[in-house]
K.L.:
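This structure is in structure tokens; I'll ask about it shortly.
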Amino acid sequence: MLPYDLVRPAGAEDDGGMGEHTEDQEHGVEPARPPLSEAHAREMTAGLREAMDDVRRSVAVLAARVRDAHAARVWVPLGHSSWASYCDAEFGISRAQAYRLLDVARALAAIHGAVAAGTELSRTRDTGPAAAAALDYGLSQRALIAVSGRADVVAELITRRLATLAHSGLQGLDTATVRAVVRQAVRDIRTTPPPPPADPSADPTAAALRRVVDDLAASSHAIGELMLEVAPAYLSDTEAATGALALLCEQIGEPLEHGLAARRYAMSGDRRALHGTVL
């Protein structure tokens, strides 16, 4: 099974509250359990954290292997016509998932390159799975997909921030610092919509319309991030449309096509995702 975010958004069935309709009521009441001690709760939390870290590390290993396999055109000697058909035949995953794997691999490669350029931690260009696992930034597959369309922007931001720290001499560029810089840069790019096109029109009417479009795109990006909380990036459009996203769009009075477009825009950062729907 491919790794992806373990934690789903809390809903009526998993928010821990005592709602009118609980999972226990659906599947039968379980015997009462003794109260959980703080020590046991901390132990369980530590185990959960370790499992989440394992999933994130596996994303790095998977990305490195995907990158190497695609670069080697592994599907050709096996008789497949394309990367997508190879992934479908060998792993049973859809075309969309196959290309999302490439998005993850390319985003992580750009981040590796930025770290190598901005620090003295590594001067090697080893792209093997072991090297990728060693450079674990704690990034989920969803986070990498979300910035894949702006990987160059993320890389430039990471390089600049690491270089600034290195030149300041105020803080050593140890693994923890590099990890924190990378995670913050990814978070900053994810939460900031792409900038509007350059060279604004000198025509006041056109400029005013451009501002309206830019505001609409920014709002759509924010809506898309919320849509991803309900329908994570690893789901295809079809899976998202037949799941909780359809119900959410119905509840907020938003056409499903608009919700899907905003979700695609939040994942890719490409404003063309909104053409024909929101814009």
Side-chain angles (χ1 to χ4, degrees), residues 2-5 53 55-74 83 87 96-167 173-195 198 221 224-225 228 232-234 264-273:
L2 300 176
Y4 49 76
D5 293 337
D53 288 342
V55 169
R56 293 188 181 106
R57 279 190 292 271
S58 69
V59 168
V61 174
L62 175 63
R65 289 178 175 166
V66 165
R67 186 171 64 249
D68 291 345
H70 189 266
R73 297 176 62 83
V74 68
W83 169 254
C87 288
Q97 289 172 312
Y99 284 101
R100 284 192 191 109
L101 287 177
L102 286 180
D103 288 340
V104 169
R106 289 164 180 159
L108 200 54
I111 291 171
H112 284 344
V115 170
T119 74
E120 296 292 332
L121 293 180
S122 174
R123 290 300 180 185
T124 68
R125 291 293 177 180
D126 185 0
T127 59
L135 290 171
D136 171 34
Y137 308 115
L139 298 171
S140 67
Q141 186 176 355
R142 174 185 166 184
L144 290 166
I145 290 173
V147 300
S148 61
R150 290 180 282 173
D152 55 338
V153 179
V154 174
E156 192 277 333
L157 183 59
I158 291 170
T159 301
R160 186 172 69 247
R161 289 179 176 177
L162 290 175
T164 299
L165 282 175
H167 293 154
L173 292 181
D174 56 12
T175 302
T177 300
V178 172
R179 177 184 169 112
V181 168
V182 169
R183 288 170 62 85
Q184 186 60 52
V186 169
R187 187 178 300 114
D188 290 345
I189 297 302
R190 285 185 69 187
T191 56
T192 303
H221 189 276
E225 283 290 329
L228 284 170
Y234 61 83
R264 289 193 294 269
Y265 180 42
M267 286 193 291
S268 67
D270 189 339
R271 194 176 289 189
R272 288 174 298 181

K.L.:
Can you measure from OG1 (T159) to CD (E156) and round to the nearest 0.5 angstrom?
P.N.:
7.0 Å

K.L.:
Counting only heavy atoms not in R187 (residues, nucleotides, ligands), do more than 12 fall under 6.0 Å from its CZ?
P.N.:
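More than 12 heavy atoms, drawn from other residues, nucleotides or ligands, come within 6.0 Å of this atom.
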
K.L.:
On a heavy-atom basis, which atom in V115 and which in L162 lie closest, and how many Å separate them?
P.N.:
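Residues V115 and L162, closest heavy atoms: CA-CD1, 4.0 Å.
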
K.L.:
Between R161 and D188, does any side-chain N to carboxylate O distance fall below 4.0 Å?
P.N.:
yes

K.L.:
For residues Y137 and R179, report the shortest heavy-atom separation together with the two atoms involved.
P.N.:
O-CG, 3.7 Å

K.L.:
Is the backbone of H70 close enough, under 3.5 Å, to the side chain of W83 for a donor and an acceptor to pair up by distance?
P.N.:
no

K.L.:
Grab the two heavy atoms, one from A155 and one from A114, that are nearest each other, plus how far apart they are.
P.N.:
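A155 and A114 have their closest heavy atoms at O-CB, 3.3 Å.
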
K.L.:
Donor-acceptor pair, R190 side chain versus A146 backbone, under 3.5 Å?
P.N.:
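Not a single qualifying donor-acceptor pair exists.
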
K.L.:
If I take atom CD1 from residue I189 and atom CD from residue Q184, how far apart are they, to the nearest 0.5 angstrom?
P.N.:
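The CD atom of Q184 is 10.5 Å from CD1 of I189, to the nearest 0.5 Å.
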
K.L.:
Within this structure, what is the CZ-CD1 distance for the pair R183 and I158, rounded to the nearest 0.5 Å?
P.N.:
12.0 Å

K.L.:
What are the two closest non-hydrogen atoms of R100 and I145, and how far apart are they?
P.N.:
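Here R100 and I145 meet closest at CD-CD1, 4.0 Å.
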
K.L.:
Would you say V186 and L157 make side-chain contact, with heavy atoms under 4.5 Å?
P.N.:
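Contact flag for V186/L157 side chains = no.
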
K.L.:
Pick out which of V104, V147, L144 makes a side-chain contact (heavy atoms from CB on, under 4.5 Å) with L139.
P.N.:
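Filter result, single survivor: L144.
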
K.L.:
To check you understand the geometry: which heavy-atom pair defines the closest contact between A105 and A63, and what is its length?
P.N.:
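Closest heavy-atom pair between A105 and A63: CB-O, 3.3 Å.
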
